[in-house]
2 protein chains.
Amino acid sequence: MSNQDEQLLHYVEEFGLFFEQFGLARTAGRMLGWLLVCDPPHQTMDELMEVLQVSKSSISTTSRMLIQSGLVNKVSFPGERKDFYRVSDDAWVKAWLARNHQTIAMRQLADRGLALLPEAELDRRSRLETMRDLYKFLEEELPKLTERWLEERAKSA
Amino acid sequence: MSNQDEQLLHYVEEFGLFFEQFGLARTAGRMLGWLLVCDPPHQTMDELMEVLQVSKSSISTTSRMLIQSGLVNKVSFPGERKDFYRVSDDAWVKAWLARNHQTIAMRQLADRGLALLPEAELDRRSRLETMRDLYKFLEEELPKLTERWLEERAKSA
DNA sequence: CTGTTTGTTCAGTATTGACCGAACAAACAG
DNA sequence: CTGTTTGTTCGGTCAATACTGAACAAACAG
C-alpha cells in the first residue's frame, strides 16, 4: 500500500469519527469519507469491504441508509452486474437542507410547549418564546441563504 | 397531579426524545424541557429528581454537562443552601453558535482531505472542493445572520 | 465537635445498537 | 436446468453508555 493510500485511510478514519459525533454510525462516516477521495469516484461493495475492512452486510445496510438520506447514489454501468456507489452531486446541499429542517422542528417543538401554557402566565411563557423566536427567524432566513448559495454556485459553474 | 402537569410531563418526554436524535442523552433533554416550562424557572436537584423520576447522580452528571454546554445555569439564593438550576438566558443562541462552529469543522475537514490529494488530479479533488465551498460560504454567512438576529433582538427588547 | 444537609464520584448493571456471519433471495451465465 | 454471482435479511455477539445506588466529600447548624 502506497504512502498516500495510508494517509487517505487515516483521513477516512478521521472522517468516520467526526460524523460519529452527529449520531451517524462510524461505518457510514468512513464510507462517505472514502467515497469522497477514492479513484474512481464509484466503488463496488467488494472494494468498500476491502478498503474499510467491514463485512458485506455492514456495507449493504450502511449504503442503504446513506442512499436514503440522499448523500450517496447507486450507479450502474452497461454490461456490469455489480452495483456501484458514489457520493451524490448535491450531497452537501442535502445535508444542509436536512439541518434547515431541524430548525423547523425546533420551532414546532417550542410552539407545542407554548400551546400547553396559559396565555396569562407571561413570565412562564417567555423561555419558550425566546426559543421559538430564534428558530422562527432561522426558519425564514436559512432558505434565503440556501437560495443565494445555489445562485452563486450556478454562476461560477 | 393536575391535568396540565400531566400534559407538561408528556411534553417533557417529547422534548427528551427529540434531543436524543442529536446525540444528547435522554435525561439531558428531559431536564432541559422541564426547565423551560416549570414554575418557578429555577429548580433544585430534589425537585428535578421528583419530576423526572431519575436518580440524584443522574441529575448531578446531567446538570454538569448542560452547564458545560452553556444551556443551563446554576443559581443560588441568600440563606438558601440548595443549588438551583435554570435555563440560560442565551441558551438557544449558544446552541446556534455551536452549530455554526460545526460548519467550520466541516470546512476544515474538507481542507485536510484536499491537502492529501495531488494538485494535478483535478477531477478527484472536485468532490471535496464542493464540500469545502459550501461550508466556506456558510462559515462566512452564518455569523452575519447571527449578528442580524442579535440586533433585531436588541431592538424589540 | 457532632450530626445533618447537599452534592459528587465511582463500580456495577442494563439497555441500546453497530457489526458480523450465515442463510436466503434474485438475477444471470452456460 | 444448474451453478455462480450479487446483494439483502436476520439472529447472535460485543462494545459503548446511560443510569442507579452507595460510598464519599464538603459545607453548614446546633
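Per chain, numbering begins at 1; letters A, B, ... match sequence-line order. Please read these numbers as outputs of a predicted model, since none were measured by experiment.
The side chain of B/Lys82 sits closest to C/dT6 out of D/dA18, C/dT6, C/dC19. When the nucleotides C/dC19, C/dT6, D/dC19 are ranked by their closest atom to the side chain of B/Ala25, D/dC19 comes out on top. Of the candidate nucleotides D/dT20, D/dT8, C/dG7, D/dT8 has the atom nearest to the side chain of A/Ser60.
Both distances falling under 3.5 Å, in either a Watson-Crick or a G-U wobble arrangement, place D/dT17 opposite C/dA14. When both distances must be under 3.5 Å, the Watson-Crick or G-U wobble mate of D/dA25 is C/dT6.
On a pure distance criterion of 3.5 Å, a polar donor-acceptor pair joins the side chain of A/Ser57 and the base of C/dG21. Side-chain atoms of B/Arg81 stay outside donor-acceptor range of the base of C/dT6, with no qualifying N/O pair under 3.5 Å.
Nearest heavy atom pair, residue B/Leu71 against residue B/Ala95, reads CD2-CB, 4.2 Å.
Look at B/Lys74 and you'll find a side-chain N or O under 4.0 angstrom from OP1 or OP2 of C/dT8. Between A/Ser55 and the phosphate of C/dG21, there is no side-chain N or O to OP1/OP2 separation shorter than 4.0 Å. Phosphate contact (OP1/OP2 of D/dC19, side-chain N/O of B/Thr61, threshold under 4.0 Å): absent. Taking 4.0 angstrom as the limit, B/Arg64 places a side-chain polar atom (N or O) nearer than this to OP1 or OP2 of C/dT9.
Taking for each of A/Ile59 and B/Ser63 the nucleotide of DNA chain C with the nearest heavy atom, the 5'-most of the two is the partner of B/Ser63.
Remark: the A/Trp96 side chain and the A/Thr146 side chain contain an N/O donor-acceptor pair separated by less than 3.5 Å.
Residue B/Gln53 is in sugar-phosphate contact alone, with no base atom involved, counting any heavy-atom pair closer than 4.0 Å across all strands shown.
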